[in-house]
Amino acid sequence: MARSTEANVSVFRSLDWITIGLYLLLVIGGAVSIYAASYDFDRASMFSFAEFSGKQFTWIGLSLILGCVILLLDYRLYEAYAYPIYGAVLLLLLVTIFIAPDIKGSRSWLVLGPVSLQPAEFGKFATALALAKLFDSYNFRLNAKISNYLRALIIIFIPICLILMQRETGSALVYLSLIFVLYREGMSGLVLFSVLCTVTYFVVAVKFASPLVLGLPLGEFTVLLLICLVFCLMLVFYCRDIYIARNVILGMVGAGIAVTIAALCDVPVPGLVFFLVMLGAAMIYVSLVMFHHQIQKFVITMAFAVVSVMFMFSVNYVFGTVLQPHQQMRIKVALGIEEDLRGAGYNVNQSKIAIGSGGLTGKGFLNGTQTKLKYVPEQHTDFIFCTIGEEEGFVGSVGVLLLFLALILRVIAIAERQRSPFGRVYAYCVVSYLIFHLCINVGMVIGLCPVIGIPLPFFSYGGSALWGFTILLFIMLRIDASRKERRD
Amino acid sequence: MIASFICLIVIIYIVRLFSLQIGDEKYKEHAESNALLRRIIYPARGLIYDRKGNLVVFNQPAYDVMLIPKDMDKSFDSIAFCKVLGIDMPELRRLFDDMKNPRRNPGYSAYTPQKLISHLSQEDYGRLQEKLYLFPGFFIQKRTVREYAYPCGANILGNIREVGAKDLERDDYYRAGDYTGDLGVEKSYEKQLRGHKGVEILMKDAYGRIKGKYENGRHDVAPESGRNLTLSVDMDLQAYGEQLMQGKVGAIVAIEPSTGEILCLVTSPNYDPSLLVGKERGKNYRMLRDAPGIPLYDRALQAAYPPGSTFKPTQGLIFLEEGTVTTSTMYPCYHGYINKLRVGCHGHASPIALRPALQTSCNAYFCWGFKNFIDKRGTTPAAQFDKWKNWMVKMGYGYRLGVDLPSESRGFIPNVDFYNKSYRGPNWSANSIISVSIGQGEVLATPLQIANLAATIANRGWFYTPHIVREVADTVLDSSFRQKRSPGIKKEYYDVIAEGMRMAVLGGTCRGANLPGIEVCGKTGTAQNPHGKDHSAFMGFAPYHNPKIAVAVYVENAGFGAAYGVPIGSLIMEKYLTGTISPGRKGVEERMFTSKTFTASGTKH
């Protein structure tokens, strides 16, 4: 008994109070924003507390209690029960698919009387625990065996599939951010680079369907150009062979100049054939002269280019047939291809107007007109950042962004000071989720990302998300606080 | 690496925020709700034509006085305002109270346009328009209300009403004060009729006066008119049908067999559709809902009646298809079916085969057939009855046919479970339920279902789902109305039934339907019911070869089928096929116009 009290005291002594301070600032900021977003000019005198903010204060109170309980529990509990917790949450996710009512096409909300819970939010910490436990197993190194990758990916993809089956695409995509963890734990940077290239090629290919350049749509032309550029850069920075790279670059530039001149003289040049022949020639040259001690890197470089070309050809197919029409529309709106101000683009346009009208210092607390007058839909949930942008202006919204940045950097620092892979991997999961939520949510509100319905952590109205992130963060704090205990 | 990544993203976002909030004035202007007024331009609702191309429903302008309370002058001159509109102060105060009452107007906000007065008269509109500059914050919204070219067909056409809280929740399209279709095609084709709203963005000065279009209307969206509908209904036939049904309670449904298009859909009592337009709508609606006979109740679709003898053709078809009888099978009839219990019948030759049984509407024949089918050896009554029920469903009974009008009733065809429950177990047999074979007992059908049977027999074994809209401008009709449905009974058996129905007209119960020069086929029905006098029914089609019209008539508490069903049905056929009533039948017509079976206090339903 005495020992445990002593341990608890030491928990609070070794807690990372900076993180807790940031957490409290964000949560309070969120509550204030929700109060502002659901504040009603006309009924202000009738209800001193708007309904949403009243509820949210309850959720916040419960979160704080939850946080304390998590801190008081033994840290070994989280390690020992990582897999059972993961299993239980997966089961909950599975059950949800069948018993949840259909709300706007998704089956992700469990309705328990007056409260609704979204189990997908609790999948985050459970998956983080399971992943951390996996990396913590004896002598586990990600790069040691291909099956290790497989095990990590299985842990990540089971919740993704279950949440996709609930038709909550946004929440499912969040788990993809765990790729950062894999990167930190030794996955090649090439994979991240490929993801970046994939996204870039996709956006460019879809966005610029016209005009035609050398018989190719501008988008495909640009992608092919990028593929050539990436090929050259990989020869320089990845294969580190300046000699071969120089010859390839010179050859390509030469061919490019020749084709440009030909095109200017009205000689018809089939652009696709030109690029394919040029890339082919470059590859034949590289395979003839490459050094055998570096053969793997050259092969990867060439394979990368080949796969990129194939990817480009399949983009139109994927976009046209795999994605649902409303998803296509959201992507098109985000890329600025379609300006659909009454449909999918309405939210984004209205939220840009609301934020834009905030100016440097904003219109003042409770004085926003755009968000109050219900121009912005979902103003207290996914689009809460609008209220901040409108009422607190540039200063306020940058402040919130910097708070989040501080929290993320702090969690990275915590992650790096962990002695066990368990703590480190878990903390990096937290980092990944936070980064993804912040980037996508704020990105969509300011019109830089497609509209994917995920909340802004700690700010958006909703108990499940708040609880999910509170549990996520406080388990990390508890594990971190135990790093001194572990010395014994 | 990850840290630098997130730093980079945050920097990009900050740059973007800078350009949105400080760099770009565009968004600030947009948000200047003080300076900009988003005025909704309502699209013209689609027009409705009948099958001959006559305009049936069209629009007339109506004017609503709108107000943005926040923009009202502190020194609003209420006396002058009252004078312009010819109302007094208490009235104006009441209008303001109603506008602000959260129960009547849940979307009230001082910052958005609110409706103060609806349906301004043309003169008031003119006077107010002239003086509008005196009243900042006020403006006039032009809308359209419906006008009807015929005083009939209200059950088909429906009407429009202001949206309620439920509509606002159900569909994002609506804003408080909008109109939506209620009843009839106005409801079932609401999405096609309403079109798309447009919006114009206007600039206002500090006094709330309109200063022209914002950025020359670059951000305006033009409204898109609703689509026009062409009904399959012949409005002249509809009017004629309503005239015939005067003073009676019931329904007439006529269908063009080759297309499934409904030619008329009469319910009685009925009302003039223009009663439900404008200021008086609420009052009239309550009146029609509470009036004796409930005019708002569409008996043609919603009433489920015992079909009586109009049901017999379906039984003949089942017996033939299942091999229970052949056309030469004879059953005895000694003034009824006598087998432990007795179902009465009237005098005719005995024994009797299927065709003459249809001709004379012999109850005994169908009872015997039903008994032999249900109590067939080597199987159970339940199994046989299940087969029976499936045939009935395939013929269009027991479920909604799927007509393109709201609130169609299913009728009722019992199933095995139903009888197991009411007889507490499977110990029932043909005799227990014998009355369903003659369209009595538990079975119920809507007049539409009965007319659909006539159409199916007219086509000798198939039908199109009955529908009331023939064409929606620039779109294709719903595929369910373009697919033939077949009960799956052989054409030769339908030929037998049609022949029996022809014989009924030539020398049987339907003699009154024997039109000069037109080969009519028909079947009467006299349905007993617990509410009083028998219902009078008729079901038939004409001509015998290549039919053009199938009709069902149902008159509540009017006695024998031959008394009202046959004359009304035959008049409808004659009118539709020849365009007129032959001199020899003017007497019948006159009798139907003037006879009454319904007094406000007398008839129950």
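Quick note on labels: first sequence line is chain A, next is B, and so on, each numbered from 1. No experiment lies behind these values; they were computed from the predicted model shown.
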Exercise. Counting only heavy atoms not in Lys115(B), do more than 12 sit closer than 6.0 Å to its NZ atom?
Worked result: yes
Output side-chain donor-acceptor pairs under 3.5 Å for residues 437-455 of chain A, partner residues at least two apart or in another chain, one line each.
unit_1    : atom_1 : unit_2    : atom_2 : d
His437(A) : ND1    : Pro455(A) : O      : 2.9
His437(A) : NE2    : Lys124(A) : NZ     : 2.9
Asn441(A) : ND2    : Asp382(A) : O      : 3.1
Asn441(A) : ND2    : Ile454(A) : O      : 2.8

Exercise. Any sub-3.5 Å donor-acceptor pair from Gln21(B)'s side-chain atoms to Phe394(A)'s backbone N or O?
Worked result: yes
Exercise. Looking at residues at least two apart in the chain, or sitting in another chain, which of them share a salt bridge (Lys or Arg N to Asp or Glu O under 4.0 Å) with Asp220(B)?
Worked result: Lys213(B)
For this session: Give, for atom CZ of Arg16(B) and atom CG of Leu401(A), the distance between the pair rounded to the nearest 0.5 Å.
Result: 13.0 Å
Exercise. Counting heavy-atom pairs under 4.5 Å to chain B, which of Leu405(A), Leu409(A), Val431(A), Leu192(A) comes out on top?
Worked result: Leu405(A)
Exercise. Between Leu434(A), Leu402(A), Ile412(A), Ile435(A), which shows the greatest number of heavy-atom pairs under 4.5 Å with chain B?
Worked result: Ile435(A)
For this session: Kindly determine whether Leu17(B) and Phe385(A) satisfy side chain to side chain contact (heavy atoms under 4.5 Å, CB included), including the steps that lead there.
Result: CA-CA 11 Å; Leu17(B) 281 170; Phe385(A) 195 72; 4.1 Å; yes
Exercise. Checking heavy atoms, do the side chain of Tyr428(A), its backbone, both or neither come under 4.5 Å from chain B?
Worked result: side chain
Problem set entry | Per-residue contact mode, Phe18(B) against chain A (heavy atom under 4.5 angstrom) | both
Problem set entry | Close side-chain approach of Ile2(B) and Ile408(A), heavy atoms under 4.5 Å | no
Exercise. Counting heavy-atom pairs under 4.5 Å to chain A, which of Ile6(B), Ile12(B), Ile9(B) comes out on top?
Worked result: Ile6(B)
